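Both backbone and side-chain heavy atoms feed into the values below; hydrogens, waters and symmetry mates do not. From a predicted model like this one, the values you see are computed outputs, not experimental measurements.
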Amino acid sequence: MQSQPCAGCHQLPSWVRGEWSVAAASALGCCQQRLLRSAHVSPPHLSSEEMERLWEPEQLSMEAEENRGGLGGELITHKAKRQERKRQELLALALGVKLGSKRTLLWKPIKLLASCPQISSPPVRRSALKDTPEKQCSYEKVHNFKVHTFRGPHWCEYCANFMWGLIAQGVRCSDCGLNVHKQCSKLVPSDCQPDLRRIKKVFSCDLTTLVKAHNTTRPMVVDMCIREIELRGMKSEGLYRVSGFSEHIEDVRLAFDRDGEKADISASAYADINIIAGALKLYLRDLPIPVITFDLYSKFIQAAKLPNAESRLEGIHEGLLQLPPAHYETLRYLMAHLKRVTMFEKDNLMNAENLGIVFGPTLMQPPEQNALATLNDMRQQKLVVQLMIEHEDVLF
């Protein structure tokens, strides 16, 4: 079915809500007019008057509410249910879909239109992206087991059996300290709760490990650096592009590793905001698993190569939903910040494209450290970050 406008499309159904896109309303208006005029696609059991009333679903429901109770109320309620079913059949016929054998209700026009390529349009598809349920953050973390030699008798904390041997009796999680047999380590659930006493540093620490150890949604380094930059550096020319002194950036790194949340990165300690921006980039660059993880790298690169703009956004959105919760939250917070940075472009001269050039290689790294592959993917890396900044309100 084509989605070309026809005469009478301006007479939209009364149930079209204001928050729906104009494209969706127009397409449904076209469906109404075509079905009312075309006898060969009209349901044989519906008269023209009944078909007209199908586009006014609220009337019967109001009557049912007013007459609830008694035999008359039950009849009206039954009639309203039959009308609801007829509306389902009409919409299914208009969209070219079939109702299931279990008579599943399909009266959700905006979602059906977003998934129907024949009459879908960019505003509808963007609306569908924005209306996607928020990502559920479970923050599961696998244990980081390493072979360990125990002094004295030890028992497995999973099967409760004795660990035999003089050396390498089992394995220990370096993050939470769980001691188990090597065979039992394959059966232990992903419920590692890192112990702060075992986290020796902040930089170069796995992102999920750090946020679980500190019981936060994002790493403290990201929160503190962005807060300081937005406080006094949004108008700094060349923000994130101009590098600070490497010695001072290393001092910030040592301060976070030593003091954690108590690290002093205020203007009195580091007057140059480029030092704080450099420390943030260094933290993201030194993550053992990048913010956009190794296993999803190719998915984002392939999405950036798609010729259609809407398809690119959909591909990036699908990749974002597959990120681990800590990585997703960090990326969402960072993109919202970079979007605010672009609002001061007249002062800092940093637009979304410039920020994409800076943060592309920082947030995305290929699984195999191949210099040639990295050079070939630089354009796509820049484009992915640029699109996430420009469409941050839709993608996250």
Side-chain angles (χ1 to χ4, degrees), residues 1-6 9 12 16-31 34 91-92 94-97 106-135 291-293 295-323 327-328 331-340 342-343 345 351-357 359-360 363-364 376-396:
M1 181 174 61
Q2 302 295 326
S3 58
Q4 298 174 354
C6 61
C9 284
L12 300 175
V16 175
R17 301 296 181 222
E19 66 269 21
W20 293 355
S21 70
V22 176
S26 176
L28 286 173
C30 292
C31 292
R34 290 195 185 98
L91 184 63
L95 297 178
V97 297
L106 294 177
W107 193 248
K108 296 182 179 179
I110 190 64
K111 292 185 178 180
L112 283 175
L113 283 170
S115 63
C116 185
Q118 290 88 345
I119 56 177
S120 181
S121 63
V124 178
R125 296 166 76 180
R126 288 171 61 86
S127 176
L129 285 179
K130 194 171 183 178
D131 292 342
T132 303
E134 291 187 2
K135 184 179 176 70
V291 177
I292 295 179
T293 57
D295 55 340
L296 291 174
Y297 176 84
S298 60
K299 186 176 185 66
F300 280 89
I301 294 297
Q302 293 303 318
K305 292 180 179 179
L306 294 175
N308 182 269
E310 292 300 322
S311 299
R312 284 198 295 266
L313 286 182
E314 290 174 358
I316 292 174
H317 185 255
E318 291 176 3
L320 290 173
L321 294 179
Q322 297 179 38
L323 285 174
H327 291 245
Y328 178 87
L331 191 60
R332 182 191 64 80
Y333 189 72
L334 178 64
M335 291 302 111
H337 162 66
L338 296 181
K339 184 70 174 287
R340 292 189 290 271
T342 61
M343 296 178 182
E345 181 185 351
N351 55 25
E353 183 178 4
N354 294 337
L355 291 170
I357 295 172
F359 280 93
L363 300 175
M364 302 178 64
N376 292 335
D377 293 342
M378 284 187 65
R379 181 176 177 275
Q380 284 75 33
Q381 292 174 353
K382 182 265 295 183
L383 183 58
V384 168
V385 177
Q386 178 182 345
L387 291 175
M388 287 193 295
I389 296 173
E390 292 175 343
H391 303 281
E392 171 267 336
D393 56 334
V394 175
L395 292 173
F396 293 93

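- Residue R340 places its CZ atom among more than 12 non-hydrogen atoms of other residues, nucleotides or ligands, all under 6.0 Å distant.
- With a 4.5 Å cut-off on side-chain heavy atoms, R312 and L383 count as touching.
- The structure places NE2 of H317 at 12.5 Å from CD of E310, a figure rounded to the nearest 0.5 Å.
- Contact between A303 and I316 at its shortest, heavy atoms only, is CB-N, 3.8 Å.
- Rounding to the nearest 0.5 Å places NZ of K305 at 5.0 Å from CD of Q302.
- Atom CD of E318 is separated from atom CG of L395 by 11.5 Å, given to the nearest 0.5 angstrom.
- The one candidate from L355, I292, L313 that meets the side-chain contact (heavy atoms from CB on, under 4.5 Å) condition with M388 is I292.
- Summarising the geometry of A352 relative to E390, their closest heavy-atom pair is CB-CG, 3.6 Å, with the distance given to 0.1 Å.
- Rounded to the nearest 0.5 Å, atoms OG (S298) and CD (Q380) are 12.5 Å apart.
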Item to check | Worked check of side-chain contact (heavy atoms from CB on, under 4.5 Å) between M335 and L331 | outcome: CA-CA 6 Å; M335 291 302 111; L331 191 60; 3.9 Å; yes
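- To the nearest 0.5 Å, atoms CG (N354) and CD (Q386) are separated by 9.0 Å.
- Between the CE atom in M343 and the CG atom in N351 there is a gap of 14.0 Å [rounded to 0.5 Å].
- When I301, L296, D377 are each tested for a side-chain contact (heavy atoms from CB on, under 4.5 Å) with M364, only one passes: I301.
- Nearest heavy-atom pair across Y328 and F396 is OH-CA, 3.7 Å.
- With a 4.5 Å cut-off on side-chain heavy atoms, L334 and L363 count as touching.
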